[in-house]
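Counting convention: from 1, in listed order, for ligands and their atoms alike. Position 1 is the first residue of the sequence; numbering continues from there.
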Amino acid sequence: MTNQRKVVLFIATSLDGYIATENDSLDWLFKVEGEGDNGYSEFYDTVDTVIMGRRTYDWVMEQEMESFPYEGKECYVFSRTVSQENENVQFFSRDVVDFTNQLKNKEGKNIWVMGGGDLLHSFIKNKLVDEMIVTVSPVIIGKGIPLFKEMDFETGLTLKSINRFNQFAELHYEVKR
Ligand SMILES: NC(=O)c1ccc[n+]([C@@H]2O[C@H](COP(=O)([O-])OP(=O)(O)OC[C@H]3O[C@@H](n4cnc5c(N)ncnc54)[C@H](OP(=O)(O)O)[C@@H]3O)[C@@H](O)[C@H]2O)c1
């Protein structure tokens with residue numbers, strides 16, 4: 001059985017396509033009135049592996065938490081500058097294509113690409129993302145860290161579903177091959 005697991009982006013964005021302010025604040029997101037956990041636990045149950053960029057990992061570790069939020073999942077952090085391993089995560093600088101194909105060829109649940117935009121760019125450029133679940137927050141923040149960086153090619157998507165969580169709109173796409 002090969003390439004059965006999917007690589008899925010699950011991320012929140014402002015209406016103008018930013019995932020954080022320039023100084024990494026998500027206050028604009030957390031103040032929106034959603035519904036329940038806005039589909040998070042349903043999605044979280046579908047993955048057993050989490051991949052993130054080093055800046056997103058730093059952001060996660062700066063939050064006040066009782067425990068690591070992705071405990072029990074295989075967690076990988078991509079970085080070209082930091083190399084370490086701890087009880088929660090493994091750092092990787094390897095080629096994302098090799099790495100992801102190896103992961104996809106193992107048995108398991110889906111693989112969550114958390115972002116941020118920089119790591120996601122490598123995944124999209126190399127056509128590694130199978131599905132995108134993007135939750136749009138009803139705010140225009142004007143500037144910040146973009147969800148999608150500039151690219152010189154198109155990525156076609158098929159809309160699978162739309163869910164509303166009060167003020168959030170969740171758009172679920174499949175990436176066209
Ligand atoms: N709204 C949301 O749902 C959401 C979700 C995720 C993140 N965020 C926010 O997004 C921000 C971070 O996003 P970002 O785009 O600035 O950074 P990022 O993608 O999280 O991390 C960028 C770093 O990842 C490493 N990296 C990226 N591509 C790589 C590759 N191909 N190979 C090896 N290493 C690679 C590099 O680390 P080194 O510099 O160490 O080499 C790079 O500096 C944070 O504020 C976070 O809170 C928001």
Side-chain angles (χ1 to χ4, degrees), residues 7-44 46-47 49-65 68-70 73 75-86 88-104 110-129 131-151 163 165 167-173:
V7 173
V8 185
L9 170 72
F10 182 83
I11 203 161
T13 179
S14 66
L15 181 60
D16 52 347
Y18 295 107
I19 56 171
T21 63
E22 284 175 325
N23 60 357
D24 296 312
S25 168
L26 295 184
D27 292 351
W28 53 274
L29 177 65
F30 294 139
K31 69 183 180 199
V32 174
E33 265 192 53
E35 188 183 323
D37 68 0
N38 306 310
Y40 179 77
S41 40
E42 195 183 328
F43 168 76
Y44 196 65
T46 65
V47 301
T49 304
V50 182
I51 301 178
M52 67 189 92
R54 195 263 309 155
R55 293 197 69 250
T56 295
Y57 177 70
D58 287 348
W59 184 88
V60 168
M61 297 315 288
E62 277 162 22
Q63 308 311 299
E64 277 176 28
M65 303 169 295
F68 185 66
Y70 314 111
K73 309 275 184 197
C75 228
Y76 299 103
V77 178
F78 269 86
S79 170
R80 299 181 187 92
T81 59
V82 184
S83 166
Q84 54 161 278
E85 192 175 329
N86 61 42
N88 297 315
V89 301
Q90 261 180 280
F91 278 68
F92 267 99
S93 63
R94 269 178 46 199
D95 176 58
V96 290
V97 178
D98 275 1
F99 172 84
T100 309
N101 285 335
Q102 272 186 27
L103 265 187
K104 282 181 87 172
N110 287 346
I111 299 158
W112 177 15
V113 178
M114 253 186 92
D118 190 34
L119 181 66
L120 178 62
H121 186 68
S122 296
F123 273 76
I124 294 182
K125 216 168 53 184
N126 290 295
K127 305 195 184 306
L128 295 172
V129 182
E131 296 193 8
M132 298 189 186
I133 303 172
V134 177
T135 298
V136 181
S137 176
V139 59
I140 295 166
I141 65 173
K143 57 182 177 174
I145 298 172
L147 171 56
F148 299 114
K149 289 187 169 188
E150 268 189 27
M151 291 177 219
N163 281 311
F165 299 104
Q167 285 301 302
F168 286 115
E170 183 198 76
L171 309 174
H172 189 163
Y173 298 98

**OP:** Tell me, with the steps shown, if Asp58 and Arg54 meet salt bridge (Lys or Arg N to Asp or Glu O under 4.0 Å).
**Re:** CA-CA 6 Å; Asp58 287 348; Arg54 195 263 309 155; 2.8 Å; yes
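Taking distance alone, with nitrogen or oxygen atoms compared against 3.5 Å, Arg94 stays at or beyond that limit from ligand 1. Between Leu29 and ligand 1, a contact under 3.5 Å exists for no N or O pair. At a 3.5 angstrom cut-off on N or O pairs, Ser122 counts as close to ligand 1. Looking at Gly117 next to ligand 1, an N or O pair under 3.5 Å apart turns up.
Ring to ring, Tyr18 and Trp28 are not that close: their centroids are 6.0 angstrom or more apart. Ring pair Phe91/Tyr57: centre-to-centre distance below 6.0 Å.
Between Phe68 and Met61 there is a side-chain heavy-atom pair separated by less than 4.5 Å. Residues His172 and Val134 are not in side-chain contact: their nearest non-hydrogen atoms beyond the backbone lie 4.5 Å or more apart.
Atom CZ in Phe148 sits 11.5 Å away from atom NE2 in His121 (nearest 0.5 Å). In this structure, CD1 on Ile111 lies 13.5 Å from CG on Leu9, to the nearest 0.5 angstrom.
Closest to atom 1 (N) of ligand 1 among all protein heavy atoms lies Ala12 O, 2.8 Å. Looking from atom 18 (P) of ligand 1 to the surrounding protein, the closest heavy atom is Gly116 N, 3.5 Å. Atom 8 (N) of ligand 1 has as its closest protein heavy atom Ile19 CD1, 3.9 Å. Counting protein heavy atoms only, atom 22 (C) of ligand 1 is closest to Asp118 OD2, 3.4 Å. Here the heavy atom of the protein found nearest to atom 14 (P) of ligand 1 is Arg55 NH1, 3.7 Å. Summary of contacts: the protein heavy atom closest to atom 39 (O) of ligand 1 is Arg54 NH2, 2.8 Å. Summary of contacts: the protein heavy atom closest to atom 26 (N) of ligand 1 is Phe78 O, 3.9 Å. For atom 47 (O) of ligand 1, the nearest protein heavy atom (residue, atom name, distance) is Trp59 CG, 3.1 Å.
The proximity of Met114 to ligand 1, defined as any non-hydrogen pair under 4.0 Å, is limited to the backbone. Contact annotation: for Ser79 versus ligand 1, heavy atoms closer than 4.0 Å belong to both the backbone and the side chain.
Remark: Lys73 qualifies as a cation-pi partner of Tyr44 under the 6.0 Å distance and 45° angle criteria applied to the six-membered ring.
For atom 32 (N) of ligand 1, the nearest non-hydrogen atom from the set Glu62, Arg80, Glu22 belongs to Arg80. In this structure, of Thr56, Val113, Val96, the residue bringing a heavy atom nearest to atom 20 (O) of ligand 1 is Thr56.
Asn23 and Ser25 form no side-chain donor-acceptor contact under 3.5 Å, judged by distance and modelled atom types alone.
Distance alone, capped at 3.5 Å, is enough to place a donor-acceptor pair between the Trp59 side chain and the Asp24 backbone. For the pair Asp16 (side chain) and Gly142 (backbone), a donor-acceptor distance under 3.5 Å is present.
Atoms of ligand 1 found under 4.0 Å from any heavy atom of Ile11, numbered from 1 in the order shown, are 2 (C), 3 (O), 4 (C), 5 (C).
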